[in-house]
Novice: 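Sharing a structure with you now.
Every chain is numbered from 1, with letters handed out A, B, ... down the list of sequences.
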Protein chains: 2
Amino acid sequence: MPRSSTSSSAKSGPVTLAMVARRAGVSSQTVSNAINSPDLLRPETLERVRRVIDEMGYRPSRAAQTLRTRSSKLIGYGIQPAAFSYPVLDRFLHAVSQAAEEAGYRILLFACPPGGPTLEGYEELLDQHEVDGFVLSGTERGDPRQAWLTKRGVPFVGFGRTWSGRPIGDWVDVDGASGTDAAVEHLVALGHRKIAFLGWERGSSSAGDDRAEGWRRAMRRHGLPTRGRRGQSSVNDSDVARAAVKPLLDGGATAVVAASDMLALGCYQTLRERGQTPGRDVAVIGFDDSPTAELLSPALSSIAQPLEAIGRECVRLLLARMAAPDAPPERILLEPSLVVRDSATASLIAGG
Amino acid sequence: MPRSSTSSSAKSGPVTLAMVARRAGVSSQTVSNAINSPDLLRPETLERVRRVIDEMGYRPSRAAQTLRTRSSKLIGYGIQPAAFSYPVLDRFLHAVSQAAEEAGYRILLFACPPGGPTLEGYEELLDQHEVDGFVLSGTERGDPRQAWLTKRGVPFVGFGRTWSGRPIGDWVDVDGASGTDAAVEHLVALGHRKIAFLGWERGSSSAGDDRAEGWRRAMRRHGLPTRGRRGQSSVNDSDVARAAVKPLLDGGATAVVAASDMLALGCYQTLRERGQTPGRDVAVIGFDDSPTAELLSPALSSIAQPLEAIGRECVRLLLARMAAPDAPPERILLEPSLVVRDSATASLIAGG
DNA sequence: TCTCAGCGTTGGATCGTTCAAAAGACACTA
DNA sequence: TAGTGTCTTTTGAACGATCCAACGCTGAGA
């Protein structure tokens, strides 16, 4: 019956390879092989060693493994202050952690200073050999991290494309354009023609531009005009968001696709100020499917990112990069999915 | 001029203590002392060693330090799947990371399985000597973690009280009762008398019961009846939340204090269904001050937790416990602050 | 008959750091 | 001059794992 190391090693400190070896009557290298390359052992030896490992509750010391193999089995993730984070960060972190663990890795969190990530934290972690690689997120135009990590030969994967210049390194991203495109399709099917887009300032956020592009191309495909239907808000200001909606509504828009749930909320507010009801007078679709979306009244339709898949792919690409540093870069574009709720179900054709 | 290890060690691998020692003309122990106990060196030697360290961009290897000192300088945090997390987790994690870094520690994330944290992940991390201690959160009645960690002599700190039986270990918590008490005070000052509380099922969440208690005592202090004014919703179901609000409104409540922003949102919805306007017809105050609170219309008043202070205190208590394993436990109760927004500003007295 | 690759295992060196204790330098006293 | 004490630096040995080059033996191929 397996026993935890607690009881077996109560007085004598941790159980080591050598202790297991002595008890099993083999050398410590054999025990090491039993764990790392079991096929090298004769089946009966393997069985015996394994039994002793279980009996003694042996677990290899990560510090010693790291020192010897020069691999910490840790993946660094720099967490940014709240202002820059996004509403489903917790789900993303859980997904990445889970995927990492399945591959024997863990996530090391470190705090990025406010005002955008600097290289300092990354450099320290690397110089101390504390991590094997990084997962980046919140990469924007002019972000120096990818180029710097590439130059140093450090494995990394971005959640989010590299937007500036030619692409650097591996990344996983969500096809935001495809999401807003699908949103427009859904609205057109409901009978909407005057569909506006509420995003951020042009060029201020690459993901935002991408989402705008999906709207634009779907509109064009249906022969619908986009002029005067694109509203621009600043990133973190709900007042500006509310103001930006007004010209869209003045222009007679019957539906609004927003680049985030926060912007969609701004849209809700402006509608209410005008005595209109979101979902009935004007359809609204958000982006991110944040937890509050389904709690709003009316419940907010939103474009959901496949976070579990994102986490899985991030880890997969990162491990592949570690295994083959010179392999050609791999880029994964995942499809988001439109979650339809009350804010975008009423049909314009049937009248409502 | 300090140079990163990149350039100095481009071909020869990492800069080690021995390399610094050779270049500085001292033994490696002296270099170690220069870093860990500078007062042992003669000032001029110290100066010389330090210059070489800078020149070569030397940074000690954490793995080697960990192996030798048996301290990884890592703090474990088990992240739970989204359903159990709470809306300001990202800010909490950033705060803890930051505080940890200032003390030379980092946060190691690991994924807890859905359905509540198990001991397995904690045991593995400990047996492998991967972490020095833990920060726990989401502790509820019957949570086995504190007792188990205490028995094994592992340092930990809870964000959230231990509720079952007598208290175990150190913790940092927010005085939820004080928060809801203050909310009631604020509402009373506005002229409200019929103030309801919307919480979770009695006993299902200890923090929820605590928040209810603050409401009850403040009501009692003002001689206001609480009977029939406490609504109970289940934890993660917005339909139930909406239903639970109805009897409260039927009872003539002019204000609702909710145990979370999500519940407050359910309250918004029910009000709208009845053609009433939150903030004008019925005042609403939420809890957590999640990012969406200020984006709602009307902007939701909410009780904000001092997350930076929480992170700081968590780290402080944890380090203190590591330094003195047998010291009496320390418990910190922090005051939340009421953030007043449009959902609770209209005075009942002046009429509105 | 001789060479040699392969079998499963072992001993020894090594990763980079810190700890404990010894050694050297130097001044001061007897 | 030898002895004592203080201050500074060095030496040698861990810490716990993995990598490398053997070990002695067997059977196949030349």
Side-chain angles (χ1 to χ4, degrees), chain A residues 5 8-9 12-50 52-53 56-74 104 126-130 132, chain B residues 5 8-9 12-50 52-53 56-74 104 126-130 132:
Chain A
S5 67
S8 320
S9 68
S12 48
V15 182
T16 72
L17 207 53
M19 297 162 88
V20 174
R22 200 172 316 127
R23 187 111 101 99
V26 293
S27 78
S28 41
Q29 179 60 52
T30 300
V31 181
S32 175
N33 286 337
I35 294 168
N36 300 311
S37 347
D39 49 319
L40 287 182
L41 300 208
R42 209 169 29 185
E44 58 217 67
T45 316
L46 179 59
E47 169 60 26
R48 179 161 42 104
V49 172
R50 280 196 169 145
V52 176
I53 287 177
M56 303 181 76
Y58 168 74
R59 288 242 176 81
S61 147
R62 273 248 40 97
Q65 290 182 310
T66 300
L67 181 60
R68 188 63 246 240
T69 63
R70 308 178 150 286
S71 158
S72 65
K73 299 277 186 183
L74 290 178
L126 283 172
D127 285 349
Q128 302 200 148
H129 302 97
E130 211 163 344
D132 294 346
Chain B
S5 65
S8 321
S9 68
S12 50
V15 181
T16 72
L17 209 51
M19 295 162 93
V20 175
R22 199 173 318 128
R23 187 110 100 100
V26 293
S27 77
S28 41
Q29 179 61 50
T30 300
V31 181
S32 175
N33 285 337
I35 294 169
N36 301 310
S37 349
D39 49 320
L40 287 182
L41 302 206
R42 206 173 30 185
E44 58 216 66
T45 315
L46 180 59
E47 169 60 26
R48 178 162 40 106
V49 172
R50 279 195 170 147
V52 176
I53 286 177
M56 302 182 77
Y58 168 74
R59 289 244 175 81
S61 147
R62 274 248 39 96
Q65 289 183 310
T66 300
L67 182 60
R68 187 66 247 239
T69 63
R70 307 176 153 286
S71 159
S72 65
K73 299 278 188 182
L74 290 178
L126 284 173
D127 285 350
Q128 302 201 149
H129 302 97
E130 209 163 346
D132 293 347

Novice: What range of DNA chain D does chain A touch, first nucleotide to last, counting atoms under 4.0 Å from its heavy atoms?
Specialist: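 Extent of the interface on DNA chain D: D/dG16 to D/dC20.
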
Novice: What's the CG-C1' distance between B/Leu17 and C/dG16, to the nearest Å?
Specialist: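 Distance check: B/Leu17 CG to C/dG16 C1' gives 7 Å.
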
Novice: Just how far is it from atom CD1 of A/Ile35 to atom CZ of A/Arg59, taken to the nearest 0.5 Å?
Specialist: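 Reported to 0.5 Å precision, the distance equals 11.0 Å.
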
Novice: If I take atom CG from residue A/Leu126 and atom CG from residue A/Asp132, how far apart are they, to the nearest 0.5 angstrom?
Specialist: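 Answer rounded to 0.5 Å: 10.0 Å.
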
Novice: Report all side-chain donor-acceptor pairs from residues 18-25 of chain A shorter than 3.5 Å, counting only partners two or more places apart or in another chain.
Specialist:
none

Novice: By the 4.0 Å heavy-atom rule, please label B/Thr30 as base, sugar-phosphate, or nothing.
Specialist: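 B/Thr30: base contact, heavy atoms under 4.0 Å.
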
Novice: Rounded at 0.5 Å granularity, tell me how far CG in B/Asp127 sits from OG in A/Ser61.
Specialist: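 Between atom CG of B/Asp127 and atom OG of A/Ser61 there are 11.5 Å.
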
Novice: Is there a donor-acceptor pair closer than 3.5 Å between any side-chain N or O of B/Ser72 and the backbone N or O of B/Thr66?
Specialist: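 The answer is no, because no donor-acceptor pair under 3.5 Å joins these two groups.
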
Novice: Hey, does the side chain of B/Ser37 reach the backbone of B/Leu40 with a donor-acceptor pair shorter than 3.5 angstrom?
Specialist: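 Between the backbone of B/Leu40 and the side chain of B/Ser37 there is no qualifying donor-acceptor contact (under 3.5 Å).
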
Novice: Near DNA chain D, under 4.0 Å by heavy atom, which residues of residues 65-72 of chain A?
Specialist: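 Listed by number, they are A/Gln65, A/Leu67, A/Arg68, A/Thr69.
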
Novice: Starting from the 5' end of DNA chain D, give me the residue, B/Ser27 or B/Ala64, whose nearest nucleotide shows up first.
Specialist: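 So the residue in question is B/Ser27.
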
Novice: State which residues pass salt bridge (Lys or Arg N to Asp or Glu O under 4.0 Å) with A/Arg48; sequence neighbours excluded, sorted by chain then number.
Specialist: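 Applying salt bridge (Lys or Arg N to Asp or Glu O under 4.0 Å) to A/Arg48 gives none.
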
Novice: Going by the rule side chain to side chain contact (heavy atoms under 4.5 Å, CB included), which residues pair with A/Leu46 if we only count those two or more places apart in sequence or in a different chain?
Specialist: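 Listed in chain order: A/Ala34, A/Pro38, A/Leu41, A/Arg50.
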
Novice: Between B/Ile53 (CD1) and C/dG16 (P), how many Å, whole number?
Specialist: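 Going from CD1 in B/Ile53 over to P in C/dG16 covers 16 Å.
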
Novice: Is there side-chain contact between A/Arg62 and A/Leu74, with at least one heavy-atom pair below 4.5 Å?
Specialist: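 In short, these two side chains do not touch, never coming nearer than 4.5 Å.
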
Novice: Could you check whether any side-chain heavy atom of A/Val31 comes within less than 4.5 Å of a side-chain heavy atom of A/Val52, counting everything from C-beta outward?
Specialist: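 No - every pair of side-chain heavy atoms lies 4.5 Å or more apart.
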
Novice: Can you list, by residue number, the residues of residues 31-47 of chain A that have a non-hydrogen atom closer than 4.0 angstrom to DNA chain C?
Specialist: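 By residue number: A/Leu40, A/Leu41, A/Arg42, A/Thr45.
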
